Amino acid sequence: MKLLKEKIVNEGIVLNENVLKVDSFINHQMDPVLMKEIGKEFAERFKDDKVSKILTIESSGIAPAIMAGLEMGVQVIFARKRKSLTLTENLYTSSVYSFTKQESNDITVSKQYIEPGENVLIIDDFLANGQAALGLAEIVQQAKANISGIGVLIEKSFQPGAEELLAKGYRLESLARIASLNNKQVEFAPERTYQNI
Ligand code: G4P
């Protein structure tokens with residue numbers, strides 16, 4: 001997606017060969033114009049998939065997910081990483097291991113908000129090791145709903161998450177694919193294309 005790639009080039013900061021800082025438009029300050037366009041892009045890419053719900057994870061997945069939900073006319077639910085005071089019963093839970101933080105965290109979604117048989121689109125900001133996306137996918141499976149696909153803003157193609165999700169048969173739509181962050185430079189990978197079956 002051209003606009004997102006331009007933002008990455010103009011405002012992204014390569015912290016090291018593994019980490020891209022995008023605090024000025026995704027992870028801290030958020031750009032509503034960009035988020036609106038991202039919502040439209042996901043709506044276009046999944047327009048034939050009868051998506052009935054969007055599932056994301058707090059916090060940085062929420063903005064693009066809500067914009068996609070607005071465009072697609074569906075509700076958006078975010079998995080919680082922290083325990084909620086009011087949300088304590090009837091939960092789907094999955095354990096997500098963060099390689100970055102070297103710790104596991106339980107993520108939770110109320111059983112109330114995912115119906116069996118629904119078509120769920122999973123959205124997140126970064127795809128690195130894929131653990132968050134896999135945790136969300138597990139929750140959709142627990143709910144006996146269908147996974148329409150996984151949409152991410154930034155895929156770091158040099159890390160194993162994308163391959164793992166594809167190997168499990170999920171449709172993966174990445175709005176920007178990064179091949180390398182070596183030498184303090186962002187090198188993009190070409191868009192992944194799916195052949196019509
Ligand atoms: P994984 O889910 O793909 O396995 O990712 P990992 O455990 O490696 O990442 C943990 C956190 O770091 C996630 O955010 C993820 O979005 C973020 N992250 C991974 N790689 C990058 C990167 O290159 N740049 C930036 N800016 N973030 C990255 P989180 O802790 O859940 O944060 P938030 O959603 O609350 O903002």
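Keep in mind that this is a model prediction, so the values were computed, not measured. Counting starts at 1 for both ligands and their atoms, in listed order.
- Close contacts of ligand 1 with Val19, meaning ligand atoms under 4.0 Å from a residue heavy atom, involve 22 (C), 23 (O), 24 (N).
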Walk me through it: do Arg45 and Glu41 pass the test salt bridge (charged side-chain N to carboxylate O under 4.0 Å, His left out)?
CA-CA 6 Å; Arg45 292 189 188 207; Glu41 182 74 25; 2.8 Å; yes
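- Protein non-hydrogen atoms do not reach within 4.0 Å of atom 14 (O) of ligand 1.
- Remark: the Asn119 side chain and the Asp49 side chain contain no N/O donor-acceptor pair separated by less than 3.5 Å.
- Expressed to the nearest 0.5 Å, how far CD1 of Ile54 lies from CD of Gln75 amounts to 10.0 Å.
- With salt bridges taken as basic N to acidic carboxylate O contacts below 4.0 Å, one links Arg82 and Glu58.
- For the pair Glu6 and Lys2, the salt-bridge criterion is met [side-chain N within less than 4.0 Å of a carboxylate O].
- Short contacts between ligand 1 and Ser98, defined as distances under 4.0 Å to a heavy atom of the residue, involve ligand atoms 7 (O), 10 (C).
- Using a non-hydrogen distance threshold of 4.0 Å, Asn18 registers as a contact of ligand 1.
- Here the side chains of Ile107 and Phe78 are not in contact, with every heavy-atom distance at 4.5 Å or above.
- The CD1 atom of Ile57 sits 13.5 Å away from atom CD1 of Ile123, with the distance rounded to the nearest 0.5 Å.
- Taking any N or O of Lys101, backbone or side chain, at least one lies under 3.5 Å from an N or O belonging to ligand 1.
- Ligand 1 has no nitrogen or oxygen under 3.5 angstrom from a nitrogen or oxygen of Lys21.
- Counting the atoms of ligand 1 from 1 in the order shown, those under 4.0 Å from a heavy atom of Ser60 are 33 (P), 34 (O), 36 (O).
- By the definition of a contact as any protein heavy atom under 4.0 Å away, atom 25 (C) of ligand 1 is in contact.
- The option from Ala128, Gly135, Ser59, Gly12 that lies nearest to atom 35 (O) of ligand 1, judged by heavy atoms, is Ser59.
- For atom 20 (N) of ligand 1, the nearest non-hydrogen atom of the protein is Lys156 NZ, 2.7 Å.
- Here Asn129 has heavy atoms under 4.0 Å from ligand 1 in both its backbone and its side chain.
- Inclusion of Leu127 in the set of residues having an N or O under 3.5 Å from an N or O of ligand 1 is not warranted.
- Close approach of ligand 1 to Ala132 is summarised as follows: ligand atoms under 4.0 Å from at least one heavy atom of the residue are 2 (O).
- Using a 4.0 Å threshold on non-hydrogen atoms, atom 17 (C) of ligand 1 does not count as touching the protein.
- The nearest pair of heavy atoms linking Leu181 to Val14 is O-CG1, 3.5 Å.
- Closest protein heavy atom to atom 4 (O) of ligand 1: Gln131 N, 2.9 Å.
- Atom 31 (O) of ligand 1 has as its closest protein heavy atom Lys81 NZ, 2.4 Å.
- For Gln159, the closest heavy-atom approach to ligand 1 does not fall below 4.0 Å.
- The protein heavy atom nearest to atom 9 (O) of ligand 1 is Thr100 OG1, 3.4 Å.
- Within the 4.0 Å heavy-atom shell around ligand 1 one finds Gly130.
- Taking CD1 of Ile122 as the reference point, atom CD1 of Ile147 lies at 4.5 Å (rounded to 0.5 Å).
- Side-chain N or O atoms of Arg177 include one that pairs as donor or acceptor with a backbone N or O of Pro190 at under 3.5 Å.
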